[in-house]
2 protein chains.
Amino acid sequence: MAQNNKKRDFKEKIKAIQDTMFVLGGKWKLPIILSIYSGNKRFNDIAGSIPGITNRVLSKELKHLEQNLLISRTVINDYPVRIEYAITDYCLTTEEVAAPLEKWGKNHRKKLQEKV
Amino acid sequence: MAQNNKKRDFKEKIKAIQDTMFVLGGKWKLPIILSIYSGNKRFNDIAGSIPGITNRVLSKELKHLEQNLLISRTVINDYPVRIEYAITDYCLTTEEVAAPLEKWGKNHRKKLQEKV
DNA sequence: GATACTTGTATCCTAAAGGATACTTAATTC
DNA sequence: GAATTAAGTATCCTTTAGGATACAAGTATC
């Protein structure tokens with residue numbers, strides 16, 4: 001019985017972690033968030049601020065982030081139609097994840113160097 | 001100048017995060033760590049505790065984790081040769097990453113439900 | 001009515017992660 | 001010497017992530 005609870009907890013832990021990875025993982029999602037956060041609002045500005053990203057990928061990722069309530073997309077109806085992307089308040093909570101990931105990554109690099 | 005520093009910080013932040021993702025990301029690494037942590041020491045035990053994983057993938061992931069100092073691999077020379085995997089002390093620091101990921105994932109699910 | 005601008009989409013392709021399944025090696029017991 | 005057991009490896013295949021490049025829709029200006 002206690003064993004079953006343990007197993008269930010284990011699975012839920014993993015699932016929650018994988019959910020986060022799905023929403024924030026991959027090569028581009030956090031870079032895009034940071035780019036918008038640092039002032040870029042327009043599609044082409046964001047694209048220009050992130051070396052190597054393509055239109056297709058940026059477009060897909062922006063949709064994914066919008067669906068997950070992390071960014072907002074506002075249409076501005078003058079010529080030519082502009083779109084403004086912005087970070088949502090909720091998106092600021094990703095810092096709780098990004099900061100530990102960053103810290104651990106930096107420390108891990110040191111750790112691997114000691115190894116040699 | 002200040003702008004250049006900002007850009008450099010941005011890039012290093014992203015790189016550190018991607019390093020962590022490389023070491024701990026993917027479908028299986030954290031599940032494997034948690035499995036060993038919860039008492040499984042042997043290849044077949046670990047394999048049996050994680051539904052869906054295959055020999056090939058488990059083997060690759062164990063090597064990856066060992067190279068990154070997160071688990072140890074001990075050969076025991078009786079019949080038939082046994083191998084014992086164990087979590088390293090260093091591996092315990094992954095909790096600093098796993099816990100926030102888990103917490104955020106659980107909260108995010110709630111958030112998405114509110115949306116509807 | 002040709003041109004330019006912005007935000008994308010369409011099409012096709014490559015690379016990486018992961019999966020299925022059979023097999024190997026080495027010692028030991030029967 | 002056939003069978004068993006543990007820890008993988010070998011081979012081949014599928015799926016997913018990401019990349020390259022061209023171009024489309026709508027509107028305003030010239």
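Below, read A as the first sequence line, B as the second, and so on, with proteins coming before strands; counting in each chain starts at 1.
Rounded to an integer number of Å, the gap from Leu24(B) CG to dA17(C) C1' is 17 Å. For the pair Glu84(B) CD and dA7(D) P, the interatomic distance rounds to 9 Å; values are reported in whole Å. When the P atom of dT6(C) is taken as reference, atom CD1 of Ile46(A) falls 14 Å away, rounded to whole Å. In this structure, the CG atom of Asn77(B) is 10 Å from the P atom of dT28(C), given to the nearest Å. Counting to the nearest Å, the P atom of dT5(D) and the CZ atom of Arg42(B) are 13 Å from each other. Whole-Å rounding puts the Glu66(B) CD to dA7(D) C1' distance at 14 Å. Protein atom CD1 of Ile83(A) is 13 Å distant from nucleotide atom C1' of dC5(C), rounded to whole Å. Distance Lys63(A) NZ to dG8(C) C1': 8 Å, rounded to the nearest Å.
Look at Tyr85(A) and you'll find a side-chain N or O under 4.0 angstrom from OP1 or OP2 of dG8(C). A close approach under 4.0 Å does occur between a side-chain nitrogen or oxygen of Arg73(A) and OP1 or OP2 of dG8(C).
Residues forming a side chain to side chain donor-acceptor pair (under 3.5 Å) with Thr88(B) (at least two apart in sequence, or on another chain): none. Partners of Asp89(A) under the salt bridge (Lys or Arg N to Asp or Glu O under 4.0 Å) rule, at least two apart in sequence or in another chain, do not exist in this structure. Shown here are the salt bridge (Lys or Arg N to Asp or Glu O under 4.0 Å) partners of Lys106(B), two or more places apart in sequence or in another chain: Glu102(B).
In a base pair of the Watson-Crick type (N1 to N3 plus N6-O4 or O6-N4) or a G-U wobble (N1-O2 and O6-N3), with each distance short of 3.5 Å, dC30(D) is matched with dG1(C).
Listed by first then second residue, pairs satisfying salt bridge (charged side-chain N to carboxylate O under 4.0 Å, His left out) with a partner in residues 17-33 of chain A read Asp19(A)-Arg109(B), Lys29(A)-Glu61(A), not counting sequence neighbours. Sorted by first and then second residue, the ring pair (Phe, Tyr, Trp, His ring centres under 6.0 Å) pairs involving residues 57-77 of chain A (not counting sequence neighbours) are Phe22(A)-His64(A).
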Contact state string [nucleotides 17-30 of chain D, B base, S sugar-phosphate only, - no protein heavy atom under 4.0 Å]: -BBB-----BBS--
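A salt bridge does not link Lys13(A) to Asp9(A): none of the charged nitrogens lies less than 4.0 Å from a carboxylate oxygen.
Considering only heavy atoms from C-beta on, Trp104(B) comes within 4.5 Å of Val23(A) through its side chain.
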